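Indexing begins at 1, ligand by ligand and atom by atom, following the structure's order. In what follows, residues are counted from 1 in the order of the sequence shown. Quick caveat, the model's predicted, so the values are computed rather than measured. Values reported hereafter were calculated over all heavy atoms of this structure, with side chains retained and with hydrogens, waters and symmetry mates removed.
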Amino acid sequence: MKRFATILFGLLLLLGLSLALYLGGAEEWFRSEPPVTATLYDIDADGEVELVRWNLGDSMVLWRWDRDADGQHELVAYDALVGGDGILSPAGRITAWDWGANSVIDDGEVPAQVEAFVQQESIAALLAAPPQGEVALVGADIQKLAADIATGYDEWRLSGFRMPIVGSKLPDLRTLLPGAPRAYRNGVHQGFDFMPGHVGVPTGYSAPAVAAKGGVIMRADIDYTEMSPAEYQAAIATAQGSGSTPSEVLDQLRGRQVWIDHGAGVISRYAHLSGIAAGIVAGHRVAAGDIIGFVGNSGTESATQGGRNGAHLHYELRIDDRYLGEGMATDDIRELATRIFGLGE
Ligand SMILES: [Zn+2]
């Protein structure tokens, strides 16, 4: 027991990742392979269940530590695959290792790598060279396990966020949320518009926007030049002539931007900024709450004419190749965002 705790503590130090509580819910946005090589987190409120996860390209081997009915720790592992649809799905057999009995508790075959891990010979070496091939494990509800892990992973990587405008609430209009149509550019809204009068605090031109979570600045349009009215009209015409807003046009229409990489495939995008805070340059690390820029209307028609109309923060949370709220109903977006940004209570 003590040794087990020590190993877990060592893993925590090794990975440098904090534990996140499993809060329930079943968001199904487990998409493509995450950029992390290993993850450790708690998916159980009682702190008993720990998980280590390796990314092995197309194939992932997932491990779960748990206590079984007799109170002994056991190691559960299985292969998981990310299918063409980007959804995590289990593959391979399941087996369990009973920590207390120091034995396999079913007839599955335990690969040498699993035995080495169980014997705690060298966790660091294992992390550097994770096991390959089929890991056989039986004895758990693999679908539930996979769902728990996918949910737990998202809970972990979407934890610690706050609103990008201090003291604000979610926009009160559906048209200001992700998924709202944007007919003028033949597209769909991908973020949250913090429009003055709709988010509970002043958010007009020059209002500060803050880092919703710590991370590394991956883009800061310090040398941004506004489009001319003709360039703006050309961009709109291109969008209107396409089936949807082309990504390069969308990027133009977001104006002056700051992007923050929060890790694990999660990125914040701030758009239409009037200015960028001193010291905010690509590669700079920010903490949650640091001012990154100032509300504006860059990338809008008014800005191309030298005006300040329509100033608002457009904030977008990217998760892998999706935006937060993509494909979701309005009520679900509100419920999810309320949870992620720590609103509500
Ligand atoms: Zn917007």
Exercise for the section: Compute both the distance and the angle, then confirm whether R256 meets the cation-pi test with Y224: under 6.0 Å from the six-membered ring centre, within 45 degrees of the axis. Expected result: no
Problem - Under 4.5 Å side-chain linkage, directly or through intermediates, the cluster mates of M218 - result: W259, I267
Exercise for the section: Examine E316 and say whether one of its N/O/S atoms is closer to the Zn ion (ligand 1) than 2.8 Å. Expected result: no
Handout entry: Among the N, O or S atoms of D193, the one nearest the Zn ion (ligand 1)
Key = OD1
Handout entry: Metal proximity, H314 vs the Zn ion (ligand 1), N/O/S cut-off 2.8 Å
Key = yes
Problem - Any N, O or S atom of H189 closer than 2.8 Å to the Zn ion (ligand 1) - result: yes
Practice task
Run through the side-chain heavy atoms of Ile, Leu, Val, Met, Phe, Trp and Tyr, join any pair under 4.5 Å, and report what else lands in Y323's cluster.
Solution key: V188
Practice task
Supply the atom-to-atom distance L170 CG to I333 CD1, rounded to the nearest 0.5 angstrom.
Solution key: 10.0 Å
